[in-house]
Amino acid sequence: MMSVVVALAVLMSVLMAAAWALQRLTGSSGWIDTVWSASVGLGGIVAVLFSDGDAWRRGAAVFLVIVWSLRLAGHIGLRTRGGGEDPRYAKLIEQWGSNASLRLFGFLQIQAIAAFVLVLAVYLAASNPQAFPRFTDLIALFVAAGALVGEAISDAQLSRFRKTPAAKSGVCEMGLWRYSRHPNYFFEWLFWCGFPLLAIHAQPWSWMSLAAPVMMYWLLVHVSGIPPLEEHMLKSRGEKFRALQNRVNAFFPGPHKNEDMP
């Protein structure tokens with residue numbers, strides 16, 4: 001097991017080094033997240049190939065991570081090809097100045113660690129020897145499938161809004177965006193909640209799969225997801241986005257609050 005884990009860690013590091021090289025070549029940081037999403041998918045496939053769990057469980061794990069990877073990498077790739085620089089990376093590169101290249105490389109190696117945590121969850125799920133499906137496995141499939149659909153709908157709704165005249169100065173509140181300021185992030189986190197349900201069994205090491213949803217929640221809510229994006233939105237949309245913050249939950253979907261409510 002340890003040799004497989006080390007190999008997966010090295011693979012993620014190499015792939016994110018390739019993402020760094022691609023950004024340096026094209027000058028577009030949007031390709032970083034495209035490569036990252038594809039890397040998790042590739043790592044997941046390798047992880048399943050070298051796992052020794054129940055065959056049906058291995059099939060479920062690899063199917064989920066492939067669908068997730070293709071959808072997210074495809075979505076980000078199309079957005080990058082037709083748009084400008086990602087504001088989060090653009091701000092970091094500007095702040096780093098003359099050291100931007102080296103510091104970006106280090107930053108992407110940290111992202112390689114995050115990718116490895118997700119791939120490890122896939123490996124642990126595929127290594128579970130118990131017969132598939134258990135009741136918790138069915139819950140896992142329901143959660144992961146619902147999250148994939150929810151994230152795809154969220155991304156599609158935001159893409160449609162960005163094509164409207166209101167997008168130049170307004171904020172998106174259509175569909176799922178009426179109940180969460182970041183429904184795509186919520187469903188991204190929810191998807192990774194499914195893998196511990198597939199992975200956990202009698203062996204203590206299977207509980208390490210919980211690191212995937214815990215890490216994703218921390219990154220999306222407190223580090224690289226919501227904080228920099230909302231900082232950018234406050235600068236570009238001002239009071240319109242501040243008002244949105246007052247009436248719409250940041251992460252977990254909830255009732256839409258009227259602005260005139262006490």
Side-chain angles (χ1 to χ4, degrees), residues 2-50 61-62 64-81 83-124 126 151 184-185 188-189 191-192 195 208-209 211-220 222-229:
M2 187 54 64
S3 60
V4 175
V5 170
V6 172
L8 292 173
V10 171
L11 177 61
M12 293 302 100
S13 177
V14 170
L15 290 173
M16 291 314 296
W20 171 82
L22 183 60
Q23 192 282 332
R24 295 285 88 189
L25 179 65
T26 64
S28 177
S29 59
W31 294 116
I32 293 173
D33 288 345
T34 305
V35 174
W36 185 86
S37 304
S39 298
V40 174
L42 178 59
I45 293 172
V46 173
V48 172
L49 288 175
F50 285 93
V62 76
L64 288 175
V65 76
I66 287 175
V67 172
W68 172 87
S69 178
L70 289 176
R71 194 213 70 82
L72 188 58
H75 171 74
I76 299 174
L78 289 173
R79 185 181 67 193
T80 299
R81 188 179 64 177
E85 189 76 298
D86 187 309
R88 297 169 301 167
Y89 288 107
K91 181 180 178 181
L92 288 174
I93 291 171
E94 181 182 359
Q95 290 175 343
W96 290 334
S98 59
N99 293 323
S101 183
L102 181 60
R103 293 192 65 175
L104 180 64
F105 183 86
F107 183 77
L108 296 191
Q109 288 305 301
I110 295 174
Q111 289 202 19
I113 296 173
F116 167 72
V117 171
L118 301 183
V119 171
L120 179 62
V122 177
Y123 176 69
L124 293 173
E151 189 172 5
N184 51 345
Y185 287 170
E188 175 68 19
W189 165 78
F191 173 80
W192 291 103
F195 280 91
M208 291 191 298
S209 59
V214 170
M215 180 199 70
M216 287 302 292
Y217 180 84
W218 177 66
L219 289 177
L220 292 172
H222 298 293
V223 184
S224 59
I226 292 177
L229 183 55

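Along the sequence shown, residues are numbered consecutively beginning with 1.
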CG on L120 to CE on M215, rounded to 0.5 Å: 10.5 Å
Within 6.0 angstrom of W96 CH2, more than 12 heavy atoms from elsewhere: yes
Heavy-atom pair of closest approach, residues Y123 and A47: CD1-O, 3.3 Å
Salt bridge (Lys or Arg N to Asp or Glu O under 4.0 Å) partners of R24, counting only residues at least two apart: none
W20 side-chain N/O to G106 backbone N/O, donor-acceptor pair under 3.5 Å: no
Separation between CG of L49 and CD1 of I45, rounded to the nearest 0.5 Å: 7.5 Å
Criterion side chain to side chain contact (heavy atoms under 4.5 Å, CB included) on L118 and M216, from CA distance to verdict: CA-CA 9 Å; L118 301 183; M216 287 302 292; 3.8 Å; yes
Residue pair L219 / A114: nearest heavy atoms and the distance that separates them: CD1-CB, 4.0 Å
Spatial distance of atom CE (M12) from atom CD (Q109) [nearest 0.5 Å]: 11.0 Å
Approximate separation, where rounding is to 0.5 Å, of D33 CG and Q111 CD: 6.0 Å
Side-chain donor or acceptor of W189 paired with backbone N/O of P213 under 3.5 Å: yes
Nearest non-hydrogen partners of L8 and F116, listed with the distance: C-CD1, 4.1 Å
Least distance between heavy atoms, S29 atom then Y89 atom: OG-CB, 3.2 Å
Shortest non-hydrogen contact between A121 and S209, atoms and distance: CB-O, 4.1 Å
Crowding at CD, E94 (>12 non-hydrogen neighbours, <6.0 Å): no
Sub-4.5 Å side-chain heavy-atom contact between I32 and L108: yes
Closest contact, heavy atoms only, V48 versus A61: CG2-CB, 4.3 Å
Spatial distance of atom CG (L229) from atom CD1 (I226) [nearest 0.5 Å]: 8.5 Å
R71 and E151: CA distance, side-chain angles, deciding distance, side chain to side chain contact (heavy atoms under 4.5 Å, CB included) verdict: CA-CA 10 Å; R71 194 213 70 82; E151 189 172 5; 3.4 Å; yes
Full working for side chain to side chain contact (heavy atoms under 4.5 Å, CB included) between M16 and I110: CA-CA 9 Å; M16 291 314 296; I110 295 174; over 6 Å; no
Under 3.5 Å donor-acceptor, T80 side chain and I76 backbone: yes
Pairs satisfying side-chain hydrogen bond (donor to acceptor under 3.5 Å, both in side chains), at least one member in residues 36-46, at least two apart: none
F191 and W68 aromatic ring geometry - parallel, tilted or perpendicular at 30°/60° bounds: parallel
Pairwise side-chain contact, L72 with E188, heavy-atom cut-off 4.5 Å (strictly under): yes
From F107 atom CZ to L104 atom CG, the distance as rounded to the nearest 0.5 Å: 8.0 Å
Test item: side-chain donor near acceptor, S28 and Q23, under 3.5 Å: no
Residue pair T34, H75: steps toward the side chain to side chain contact (heavy atoms under 4.5 Å, CB included) verdict: CA-CA 8 Å; T34 305; H75 171 74; over 6 Å; no
